[in-house]
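For reference, the structure is listed below as structure tokens.
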Protein chains: 2
Amino acid sequence: MTQELFARYSFLLDRTARKVKQYAQQQFKTGEFDVTVDQWLVLKNLAENELLSQTELANLVFKDNPTLTRIIDLLCKKSYVERIPHPQDRRSFQLHLTEAGLTKVNELRPKILEIREKAWENLTASDFEEFKRILNTIYKNLDGQAIE
Amino acid sequence: MTQELFARYSFLLDRTARKVKQYAQQQFKTGEFDVTVDQWLVLKNLAENELLSQTELANLVFKDNPTLTRIIDLLCKKSYVERIPHPQDRRSFQLHLTEAGLTKVNELRPKILEIREKAWENLTASDFEEFKRILNTIYKNLDGQAIE
DNA sequence: TACCAATAGTTAGTGTGACAAATATATGCA
DNA sequence: TGCATATATTTGTCACACTAACTATTGGTA
């Protein structure tokens, strides 16, 4: 394989990732979901893990701290999330899904799964395994941190 | 495959695409390349195609027009690119790589190929074919436009 | 106790992405 | 010719990614 092709694959990867996010965001919009795709990812993880700190959550969703701060800001403004001061550590917050936030997650979850499905038409289960393996290999190749 | 897994794949795709771009951007920075990853993509395409209009270039690199306008603005500010009024169509520009721009492309091209290569360690040629096929299938599944 | 390094989170700055709306020009057709 | 429509580009707004710098706090240690 020539080196030129490597660049080509980076391009396809970026292009496809953007298309997936854009498509989902469009569906979010027409469905009036009132959150963005990334905000949804954060909400979903909060529903599955109570009382996370921002740093813990950032590690879960693989976003950096500044990005997460702003997403949490927006979710607080929409009253889906609350920052509760950590009882022992005054630097830290425990993130808490509000009643409205929980309702939102339960309302959106099935709709979003439908949206996701669209991307994977015409692909088989073994395609998914291959795809996952390749994506994770690339990720590990570039990630300085230890990966289990 | 359960629906939950679909969401998981979207997540992996997004995470990996971001890592690839971030890694490349880091290398660009330590190498003092003086351009961003996206600016490089634009420069490279300009080197390979003289006298494109902005819309033509936008279609080539799969960015929308406003995004491209801003990238071109930055490249003009760095004197790598010039907007030349189109002789027949006063709405349009012909994009022209300056001497400095051409020099930059030739200087960076080999370095960038090395960077790209890092991502693809531990993967075989047939992995690439699979990867390309899957990425393109996903893209087409979601793209409203006609795809050849 | 007093320092010091590490940690949690925020702020600021730049670049990119998506989308809508605005502007200017071009083109087709009555 | 004259108007409606289409096209090329720009502008504005919001969201996200990444870096660097900053505040506040914690915990270890001399």
Side-chain angles (χ1 to χ4, degrees), chain A residues 14-30 33-42 51-59 61-78 83-95 142 144, chain B residues 14-30 33-42 51-59 61-78 81 83-95 142-144:
Chain A
D14 182 59
R15 184 181 84 152
T16 303
R18 271 190 287 126
K19 177 62 82 175
V20 168
K21 183 174 273 189
Q22 184 203 359
Y23 176 82
Q25 190 60 61
Q26 241 169 32
Q27 301 304 112
F28 275 39
K29 183 171 185 179
T30 63
F33 288 5
D34 186 40
V35 290
T36 66
V37 171
D38 297 281
Q39 287 164 22
W40 162 254
L41 178 65
V42 167
L51 297 184
L52 292 173
S53 75
Q54 293 192 190
T55 298
E56 287 166 339
L57 181 55
N59 290 335
V61 298
F62 286 84
K63 294 185 182 298
D64 52 34
N65 260 320
T67 299
L68 193 63
T69 289
R70 289 192 175 101
I71 292 178
I72 297 293
D73 284 348
L74 292 172
L75 291 174
C76 285
K77 208 174 295 176
K78 293 177 182 172
R83 285 187 173 95
I84 300 179
H86 189 288
Q88 274 85 47
D89 188 340
R90 277 182 299 169
R91 294 170 303 180
S92 182
F93 296 105
Q94 292 178 330
L95 297 173
L142 300 183
Chain B
D14 182 60
R15 182 180 86 151
T16 303
R18 270 190 287 127
K19 177 62 84 176
V20 168
K21 184 174 273 190
Q22 184 203 356
Y23 176 81
Q25 191 59 61
Q26 238 168 35
Q27 302 303 112
F28 274 39
K29 183 168 187 179
T30 62
F33 287 5
D34 185 39
V35 290
T36 67
V37 171
D38 296 281
Q39 288 164 21
W40 162 253
L41 177 65
V42 168
L51 297 184
L52 291 173
S53 75
Q54 291 190 192
T55 298
E56 286 166 341
L57 181 54
N59 291 333
V61 298
F62 286 83
K63 295 184 182 298
D64 63 11
N65 263 318
T67 299
L68 192 65
T69 289
R70 286 169 182 126
I71 292 177
I72 296 292
D73 283 348
L74 293 172
L75 291 175
C76 285
K77 208 174 292 177
K78 292 177 183 174
V81 174
R83 285 186 173 97
I84 300 178
H86 189 289
Q88 274 84 47
D89 188 339
R90 278 182 298 171
R91 294 170 304 178
S92 180
F93 295 105
Q94 293 179 329
L95 297 173
L142 301 183
D143 193 40

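So you know, we letter chains A, B, ... as the sequences are listed, proteins then strands, and number each from 1.
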Shortest non-hydrogen contact from B:F28 toward B:T36 = CE2-O, 3.6 Å

task = Looking only at non-hydrogen atoms, find the nearest pair between A:L68 and A:Q54 and report the distance.
result = CD2-O, 3.0 Å

task = Check whether any side-chain nitrogen or oxygen of B:Q39 sits under 4.0 Å from OP1 or OP2 of C:dT16, and answer yes or no.
result = yes

query = Can you tell me how far P of C:dA8 sits from CG of A:L57, to the nearest Å?
reply = 13 Å

task = Compare side-chain N and O positions of B:R83 against OP1 and OP2 of D:dT10 and report whether any pair is under 4.0 Å apart.
result = yes

message = With nearest nucleotide decided by heavy atoms, which residue, A:Q54 or A:Q26, maps closer to the 5′ end of DNA chain C?
response = A:Q54

Closest heavy-atom pair and its distance - A:T69, A:R83 = O-NH2, 3.4 Å

query = Quick one: A:H86 NE2 to D:dG27 P, roughly how many Å, whole number?
reply = 10 Å

key: Distance below 4.0 Å between A:K21 side-chain N/O and C:dC19 OP1 or OP2   = no

query = Please give, in whole Å, the distance from C:dA20 P to A:Q25 CD?
reply = 12 Å

query = Atom CZ of B:F62 to atom P of C:dG17: distance rounded to whole Å?
reply = 13 Å

message = Using modelled atom types and a 3.5 Å cut-off, is there a donor and acceptor pairing between side-chain atoms of B:R18 and backbone atoms of A:F62?
response = yes

request  = Could you tell me whether the phosphate oxygens of D:dA17, OP1 or OP2, come under 4.0 Å of any side-chain nitrogen or oxygen in B:R18?
outcome  = yes

request  = Could you tell me the separation between the CG atom of A:L74 and the P atom of D:dC14, rounded to a whole number of Å?
outcome  = 11 Å

query = Is B:S92 near enough to D:dT7 that one of its side-chain N or O atoms lies under 4.0 angstrom from OP1 or OP2?
reply = no

task = Report yes if a side-chain nitrogen or oxygen of A:T36 is closer than 4.0 Å to either non-bridging phosphate oxygen (OP1 or OP2) of D:dC14; otherwise report no.
result = no

query = If you take atom types as modelled and just measure distance, does the side chain of B:R91 reach the base of D:dT7 with a donor-acceptor pair under 3.5 Å?
reply = yes

query = Do the side chain of B:K63 and the main chain of B:V42 share a donor and acceptor less than 3.5 angstrom apart?
reply = no

note = Scanning both residues in full, the closest heavy-atom pair of B:E56 with B:L51 reads OE1-O, 4.3 Å

message = What is the distance, to the nearest angstrom, from the CZ atom on B:F28 to the C1' atom on C:dT14?
response = 17 Å

note = When rounded to the nearest 0.5 Å, the distance separating CD1 of A:I72 from CG of A:L57 is 5.5 Å

Side-chain N or O of B:K78 closer than 4.0 Å to phosphate OP1/OP2 of C:dG15 = no

query = How long is the line joining CD1 of B:I84 and C1' of D:dA8, in whole Å?
reply = 17 Å

Contact residues, residues 63-73 of chain B to DNA chain C [heavy atom, < 4.0 Å] = B:K63, B:D64, B:P66, B:T67, B:R70, B:I71

A:D73/A:K77 salt bridge by N-O under 4.0 Å criterion = no

note = Closest of C:dG17, C:dA26, D:dT10 to the B:R90 side chain is C:dA26

query = Want to settle it: does A:D89 or A:D38 sit nearer the 5' end of DNA chain D, counting the closest nucleotide to each?
reply = A:D38

query = Roughly, in whole Å, what's the span from CD in B:Q88 to P in C:dA26?
reply = 10 Å

key: Contact under 4.0 Å: B:Q22 side-chain N or O vs D:dC18 OP1/OP2   = yes

